[in-house]
There are 2 protein chains.
Amino acid sequence: MLVTNIMFMGNAAATRALLRERAMALFLEQGFDETTTAQIAAAAGVSQMTFFRYFPTKESAALDDPYDPLIAGLVAAQDPALPVRERVRRGLLAAWSSLPEPEDNAVRDRIVLVAGHPRLRAGVWENNHRTEELIVEALVQTGAPDLEARVAAGACLGGLTAALFDWAAGPDGHSLGERLRTALALMAPADGGGGARQ
Amino acid sequence: MLVTNIMFMGNAAATRALLRERAMALFLEQGFDETTTAQIAAAAGVSQMTFFRYFPTKESAALDDPYDPLIAGLVAAQDPALPVRERVRRGLLAAWSSLPEPEDNAVRDRIVLVAGHPRLRAGVWENNHRTEELIVEALVQTGAPDLEARVAAGACLGGLTAALFDWAAGPDGHSLGERLRTALALMAPADGGGGARQ
DNA sequence: CCAGTAATGTTAGTGACTAACATTATGTTC
DNA sequence: GAACATAATGTTAGTCACTAACATTACTGG
């Protein structure tokens with residue numbers, strides 16, 4: 001073995017994690033466009049080909065959102081008597097609440113990076129599209145009309161993503177969790193938009 | 001001149017239009033990924049370099065949404081006394097209503113193509129992002145809170161885009177205009193989601 | 001120790017996109 | 001109508017993301 005890894009774990013998961021870590025470090029240090037996949041591979045001590053075995057695209061090394069099934073499940077768990085959009089809203093709220101609030105800088109750095117680059121933003125939106133599909137599926141199974149479910153999911157995810165990117169653009173003292181909860185509150189059905197909620 | 005164009009217009013706008021037309025034809029005929037920029041250029045009788053002079057990316061030849069200023073203007077024109085989200089909703093409704101209903105197949109073909117390809121969808125979302133910026137700008141200038149404006153814009157555009165892609169996925173006898181109006185109606189503040197509006 | 005499989009490497013290629021520079025068309029001015 | 005500026009296009013060479021086919025090394029169980 002040419003390179004004995006510092007943290008000795010020869011399995012694939014470790015290589016993947018190492019690649020992601022080095023990729024993020026390089027992205028943050030010198031920018032996404034200025035970082036080549038060859039550099040990332042070299043920084044991880046593997047060949048370029050190995051990078052593409054673990055990540056289908058360069059962007060995917062900066063993106064991961066494995067929350068889709070969780071969200072869909074929590075949307076499905078909402079009271080079917082509620083209006084469709086409200087079910088989506090509460091499902092997203094529950095999904096966020098069920099996760100630990102990540103206060104470390106790594107999460108923030110990643111969101112700032114992603115929010116600031118078109119191709120990375122596109123990745124988030126594509127992810128949202130998958131989430132939307134799952135939410136719609138969950139809602140339609142409980143009898144919701146297809147279009148209504150889709151519009152509700154699209155609107156809630158759109159509002160939430162806007163708040164996420166806004167948070168990345170400039171800190172205003174609020175945590176990410178507070179920001180997203182506020183955004184979801186703004187989308188409550190009774191809330192005509194008066195913005196009374198604070 | 002080596003090639004005398006069939007439709008004799010030597011200016012740049014004509015070349016651009018011709019490139020876009022040939023690109024769309026090829027995309028629809030053999031798929032977006034299967035079409036190379038060299039093919040498009042050849043089909044238009046120009047060099048590959050000329051293609052990139054008029055379109056920064058291959059995707060951009062399939063996308064054009066010049067409605068941003070119109071939308072922002074119509075959002076700004078709404079009654080400032082209305083809730084923020086309602087102003088966005090009505091602005092979008094007005095923007096759509098002010099356009100002629102395009103019933104020709106070319107529009108539908110283009111939307112179906114775009115809705116069916118991740119990279120093209122990403123282009124639409126990126127476009128939405130620009131639109132969102134303009135809407136937020138318009139709203140903030142009338143005193144709306146930044147986050148509320150952003151969430152309202154993101155939510156309305158998200159719901160509208162979901163309806164657009166849904167329309168492309170399968171026709172249900174309704175026109176695009178009807179579909180989008182229905183989607184916007186579903187996002188009305190008073191509408192809890194009962195879907196009573198038809 | 002040997003076989004099978006997991007993980008990685010190498011090489012060669014395609015295709016989007018860029019940069020630098022050369023060339024042709026067009027319209028204007030004298 | 002010849003000189004000239006400018007708009008439009010072409011050529012060449014290159015970078016980089018990503019793929020396919022195939023070879024090679026490490027690890028694991030019998």
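Nothing here was measured: the structure is a model prediction, and the numbers come from that model. Every chain is numbered from 1, with letters handed out A, B, ... down the list of sequences. Only this structure's heavy atoms are used, side chains among them; waters, hydrogens and symmetry mates stay out.
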When you compare the protein's N or O atoms with those of nucleotides 10-12 of chain C, which come within less than 3.5 Å of each other, and at what distance?
none

Task: Any donor-acceptor N or O pair under 3.5 Å, side chains Thr15(B), Arg53(B) - done: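 There is no such pair (donor and acceptor under 3.5 Å, judged by atom type) between the side chains of Thr15(B) and Arg53(B).
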
Task: Distance-only side-chain donor-acceptor flag, Thr57(A) / Arg119(A), under 3.5 Å - done: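 There is no such pair between these side chains.
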
Rounding to a whole Å, what distance do you find between [X]:[atom1] and [N]:[atom2]?
X: Arg119(B); N: dC17(C); atom1: CZ; atom2: P; answer: 7 Å
X: Phe51(A); N: dA7(C); atom1: CZ; atom2: C1'; answer: 17 Å
X: Asp33(A); N: dT15(D); atom1: CG; atom2: P; answer: 17 Å
X: Lys58(B); N: dT18(C); atom1: NZ; atom2: C1'; answer: 17 Å
X: Leu18(A); N: dA7(C); atom1: CG; atom2: C1'; answer: 14 Å
X: Arg16(B); N: dT9(D); atom1: CZ; atom2: P; answer: 12 Å
X: Gln39(A); N: dA17(D); atom1: CD; atom2: C1'; answer: 13 Å
X: Leu26(B); N: dA16(C); atom1: CG; atom2: C1'; answer: 16 Å

For the [atom1] atom of [X] and the [atom2] atom of [Y], what is their distance to the nearest 0.5 Å?
X: Ser175(A); Y: Arg108(A); atom1: OG; atom2: CZ; answer: 10.5 Å
X: Asp33(B); Y: His117(B); atom1: CG; atom2: NE2; answer: 3.5 Å
X: Arg179(B); Y: Asp166(B); atom1: CZ; atom2: CG; answer: 4.5 Å

- [ ] Taking only the side-chain nitrogens and oxygens of Thr36(B), find out if one of them lies under 4.0 Å from OP1 or OP2 of dG15(C).
- [x]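 Answer is no, no contact under 4.0 Å.
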
Open item on the list: Need one value for Tyr54(B): base, sugar-phosphate or nothing, where a base atom within 4.0 Å counts as base even if backbone is also close, heavy atoms only.
Closed with: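 Touches sugar-phosphate only.
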
TODO: For Ser60(A), answer base if it contacts any base atom (sugar-phosphate contacts may also be present), sugar-phosphate if it contacts only those atoms, and nothing otherwise; contact means non-hydrogen atoms under 4.0 Å.
DONE: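 No contact.
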
Open item on the list: Is there a continuous path of hydrophobic side-chain contacts, each under 4.5 Å between heavy atoms, that joins Met24(A) to Val46(A)?
Closed with: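 Yes; Val46(A) is reachable from Met24(A) via cluster members.
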
Considering only [options], which nucleotide approaches the side chain of [X] most closely?
X: Ala12(A); options: dT19(D), dA16(C), dA7(C); result: dA7(C)
X: Thr57(B); options: dA17(D), dC17(C), dG9(C); result: dC17(C)
X: Thr15(B); options: dA7(C), dA8(D), dC18(D); result: dA8(D)

- [ ] Check the surroundings of atom OH in Tyr54(B): do more than 12 heavy atoms from other residues, nucleotides or ligands lie under 6.0 Å from it?
- [x]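 Enclosed: over 12 neighbouring heavy atoms sit under 6.0 Å from OH of Tyr54(B).
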
